Amino acid sequence: MTDQHAMPGHHGAGDDHVYLALSEAGPEPDGEARWAYGTGFSDPLLGVDTTVPAGLDGADLAAYCLMLGDDALVLAQRLTEWCTRAPELEEEVALANLGLDLLGQARLLLTRAGQADGTGRGEDELAYWREEHEFRNVRLVEAPNGDFAHSVARLLLFATARGALYQLLAGHPDPVLAAVAARGVLELAYHQEYATAWTLRLGDGTSYSAARMQAGLDAVWPLLDELFTPHAVELRIGADPAALREPVLRTLAAVLAEAGLTVPGARPLAFVGGRAGRDGVHTEALGPLLAEFQVVARANPGATW
């Protein structure tokens, strides 16, 4: 793979070359931190013991990995939908690379789910052969893309919250989950940086761009709280997301203030009978997304390339 993430506003005036912008960023501590998982430069699980540690329930660990893996998988698919539709070619490359990062995380997490629950199901079986009610992603990631500002707003919320979670999970007793989180936190930091840069650019741009950015935030904000609402599995696995609510909200508020935008006051989207995405209760947007995502695998079961 020879292309890299593109990021707006990261380089000097008069120099819009994305490759130079990345070179200006300098080397990362581990050498390749800004590259997508799928590029094959390193295996984040190389040498990691895949035995489920004593004291952890395999079913709970599998369910939790499925939650995180489905979040990443579904949002990767939404980002992929921007291919051929992004406002600029540079952003098309950037969004595709962010999607690749999330797809790489999803592959590892779904594989871990199949290991931990003892079924041996692989990433493909879990991605392509589950029905809508079996997916455990939050509703934020399945919401339609909307316009570019709408998608930027969704990415800002998700990357900020998921990056904070991965920082905690990097010390989790399960070595696989910890390794995925340790690698993922570097990628999520870049996703947050990308979304923040665009939020500032649009919010601090024209009155029209600011209005579109505010509208995007208003649309996705009610879906944010689900990321902080603990599920029983999350509590048993020792990863209470409620602890992230205040620090993440403070970070988001600081970005929005800098961008001249208003923190939306909309109430969180209600659960349905006390259940939401983590329980397999989704919006009407997930079904069509999965139909498109799964159609080739289901039309050609067992096919290999």
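All values derive from a computational prediction rather than experimental measurement. Quick note: residue numbers are just sequence positions, from 1. FYI, side chains are in, hydrogens and waters are out, and symmetry mates aren't considered; it's all heavy atoms of this structure.
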Undergrad: Do Asp101 and Gln105 have a side chain donor and acceptor closer than 3.5 Å?
TA: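 Absent: no donor and acceptor within the cut-off.
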Undergrad: Please report the C-alpha distance between Leu95 and Tyr194 in whole Å, then the side-chain angles of each, then the deciding distance to 0.1 Å, and finally whether the side-chain contact (heavy atoms from CB on, under 4.5 Å) criterion is met.
TA: CA-CA 10 Å; Leu95 292 167; Tyr194 175 90; 4.0 Å; yes
Undergrad: Inspect the contact between Asp225 and Arg267 and indicate whether a charged nitrogen and a carboxylate oxygen are less than 4.0 angstrom apart.
TA: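 Looking at Arg267 and Asp225, the cut-off is not met.
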Undergrad: May I ask you to establish whether Arg85 and Trp82 are in a cation-pi arrangement, using a distance under 6.0 Å from NZ or CZ to the six-membered ring centre and at most 45° from the ring axis?
TA: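 Verdict for Trp82: no cation-pi partner in Arg85.
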Undergrad: Look at the side chain of Arg121 and the backbone N and O of Glu125, then say whether any donor-acceptor pair between them is shorter than 3.5 Å.
TA: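 No; zero donor-acceptor contacts below 3.5 Å.
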Undergrad: How long is the gap from CG on Asn137 to CG on Leu73, to the nearest 0.5 Å?
TA: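 The distance works out to 8.5 Å.
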Undergrad: Out of Leu227, Val220, Val248, which one pairs with Leu157 under the side chain to side chain contact (heavy atoms under 4.5 Å, CB included) rule?
TA: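 Of Leu227, Val220, Val248, side chain to side chain contact (heavy atoms under 4.5 Å, CB included) with Leu157 is met by Val220 alone.
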Undergrad: Please check if Leu200 and Tyr190 belong to a single hydrophobic cluster, counting links between Ile, Leu, Val, Met, Phe, Trp and Tyr side chain heavy atoms closer than 4.5 Å.
TA: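 No; Tyr190 is not reachable from Leu200 via cluster members.
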Undergrad: What is the minimum heavy-atom distance between Val185 and Tyr166, and which atoms define it?
TA: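 Closest approach of Val185 to Tyr166: N-CD2, 3.7 Å.
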Undergrad: How many angstroms lie between atom CG of Leu75 and atom OG of Ser151, to the nearest 0.5 angstrom?
TA: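 Leu75 CG to Ser151 OG: 9.0 Å, rounded to 0.5 Å.
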Undergrad: Do the numbers put Arg130 on top of the ring of Phe135, so that NZ or CZ is under 6.0 Å from the six-membered ring centre and no more than 45° off the axis?
TA: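 Because its charged atom sits under 6.0 Å from the ring centre and within 45° of the axis, Arg130 does stack over Phe135.
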Undergrad: Between CG of Leu252 and CG of Leu261, what distance do you get to the nearest 0.5 Å?
TA: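 It comes to 11.5 Å.
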Undergrad: Do Leu140 and Val263 share a hydrophobic cluster (ILVMFWY, side-chain heavy atoms under 4.5 Å, transitive)?
TA: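 Hydrophobic grouping puts Leu140 with Val263.
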Undergrad: Within the structure provided, determine whether His150 and Arg212 are in side-chain contact (heavy-atom separation under 4.5 Å).
TA: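 They are not in contact (no side-chain heavy atoms under 4.5 Å apart), so the answer is no.
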Undergrad: So, taking the atom named CG in Leu286 and the one named CD in Glu132, what distance separates them when rounded to the nearest 0.5 Å?
TA: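 One finds 4.5 Å between CG of Leu286 and CD of Glu132.
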Undergrad: Where do Gly69 and Ala106 come nearest, in terms of heavy atoms and distance?
TA: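 Residues Gly69 and Ala106, closest heavy atoms: O-CB, 3.5 Å.
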Undergrad: Do Leu68 and Arg162 come within less than 4.5 Å of each other through their side chains, counting heavy atoms only?
TA: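 A side-chain contact under 4.5 Å exists here.
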Undergrad: Any non-hydrogen side-chain atom of His231 less than 4.5 Å from a side-chain atom of Arg136?
TA: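 No. Closest side-chain heavy atoms not under 4.5 Å.
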Undergrad: Grab the two heavy atoms, one from Leu126 and one from Ala113, that are nearest each other, plus how far apart they are.
TA: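 Scanning both residues completely, I find the closest heavy atoms to be CD1-CB, 4.2 Å.
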Undergrad: Has the side chain of Thr111 got a donor or acceptor atom that lies under 3.5 Å from a matching backbone atom of Gly122?
TA: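 Flag not set: sc Thr111 to bb Gly122 has no pair under 3.5 Å.
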Undergrad: Determine whether a donor-acceptor pair (N or O, by modelled atom type, separation under 3.5 Å) exists between the side chain of Asp279 and the backbone of Val281.
TA: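 No, Asp279 side chain to Val281 backbone: no donor-acceptor pair under 3.5 Å.
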Undergrad: Under 4.0 Å between a side-chain nitrogen and a carboxylate oxygen: does that hold for Asp71 and Arg139?
TA: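 So Asp71 does not pair with Arg139 through a salt bridge.
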Undergrad: Quick one: CG on Asp218 to CE on Met213, what's the gap to the nearest 0.5 Å?
TA: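 Here the rounded value is 10.0 Å.
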Undergrad: Closest heavy-atom contact between Phe228 and Pro241?
TA: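 Looking at all heavy atoms of both residues, the shortest contact is CD2-O, 3.7 Å.
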Undergrad: Would the distance check show the side chain of Glu142 and the main-chain N or O of His282 forming a donor-acceptor pair, the cut-off being under 3.5 Å?
TA: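 Answer holds: no.
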Undergrad: Before you tell me yes or no, could you show the steps for Leu79 and Asn145 under side-chain contact (heavy atoms from CB on, under 4.5 Å), namely the whole-Å CA-CA distance, both residues' side-chain angles and the distance that decides it to 0.1 Å?
TA: CA-CA 8 Å; Leu79 289 170; Asn145 279 332; 6.0 Å; no
Undergrad: Any chance CD of Glu134 has more than 12 other-residue heavy atoms, nucleotides or ligands included, within less than 6.0 Å?
TA: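 For Glu134, atom CD is crowded (more than 12 foreign heavy atoms under 6.0 Å).
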Undergrad: Would you indicate whether the side-chain heavy atoms of Leu223 and Val138 approach each other to under 4.5 Å?
TA: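 A side-chain contact is absent here, since even the closest heavy-atom pair is not under 4.5 Å.
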Undergrad: Answer yes or no: is there a side-chain heavy-atom contact under 4.5 Å between Asp174 and Val52?
TA: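 In short, these two side chains do not touch, never coming nearer than 4.5 Å.
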Undergrad: Measure across Pro230 and Ala242 and return the closest heavy-atom pair with its distance rounded to 0.1 Å.
TA: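 That closest heavy-atom pairing would be CD-CB, 4.2 Å.
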Undergrad: As a quick check of understanding, evaluate side-chain contact (heavy atoms from CB on, under 4.5 Å) for Asp240 and Glu234, giving each step before the final call.
TA: CA-CA 6 Å; Asp240 183 359; Glu234 293 173 294; over 6 Å; no
Undergrad: Give a yes or no on whether Phe271 and Val233 share a hydrophobic cluster (residues Ile, Leu, Val, Met, Phe, Trp, Tyr; joining criterion: side-chain heavy atoms under 4.5 Å apart).
TA: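 Not linked; separate clusters.
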Undergrad: If you compare all heavy atoms of Gln192 against all heavy atoms of Leu156, which two are closest, and at what distance to 0.1 Å?
TA: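 So the two residues come closest at O-CD1, 4.4 Å.
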Undergrad: To the nearest 0.5 Å, tell me how far Phe148 CZ sits from Leu155 CG.
TA: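 Answer for the CZ-CG pair, Phe148 versus Leu155, is 9.0 Å.
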Undergrad: So do Pro268 and Trp221 actually touch side chain to side chain, heavy atoms under 4.5 Å?
TA: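 No, side chains not in contact.
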Undergrad: Taking Ile237 as the starting point, is it possible to reach Leu235 by hopping between hydrophobic residues whose side chains are less than 4.5 Å apart?
TA: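 No, because Leu235 and Ile237 fall into different hydrophobic clusters, even though each may have its own neighbours under 4.5 Å.
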Undergrad: The test is side-chain contact (heavy atoms from CB on, under 4.5 Å); show your working for Glu91 and Trp198 and say whether it passes.
TA: CA-CA 10 Å; Glu91 302 316 317; Trp198 266 112; 3.1 Å; yes
Undergrad: Just so I know, are the side chains of Val180 and Leu109 near enough to count as touching, which here means a heavy-atom distance under 4.5 Å?
TA: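 Answer yes - side chains close enough.
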Undergrad: For Asp204 and Glu258, indicate whether the former's side chain and the latter's backbone hold a donor-acceptor pair under 3.5 Å.
TA: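 Side chain of Asp204 to backbone of Glu258: no pair is present.
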Undergrad: Is the closest side-chain heavy-atom distance between Leu61 and Asp57 below 4.5 Å?
TA: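 They are not in side-chain contact.
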Undergrad: Are Leu110 and Trp129 grouped together when hydrophobic residues (ILVMFWY) are joined by side-chain heavy atoms under 4.5 angstrom apart?
TA: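 Linked, Leu110 and Trp129 end up in one cluster.
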Undergrad: Does Gln294 use its side chain to pair, donor to acceptor, with the backbone of Ala127 at less than 3.5 Å?
TA: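 Flag set: sc Gln294 to bb Ala127 pair under 3.5 Å.
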Undergrad: Okay, side chain of Thr283, backbone of Ala285: is any donor-acceptor separation there less than 3.5 Å?
TA: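 Pair found, side chain donor or acceptor close to backbone of Ala285.
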Undergrad: So, does Asn97 use its side chain to make a donor-acceptor pair with the main chain of Val93 at under 3.5 Å?
TA: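 Looks like yes, one N/O pair under 3.5 Å.
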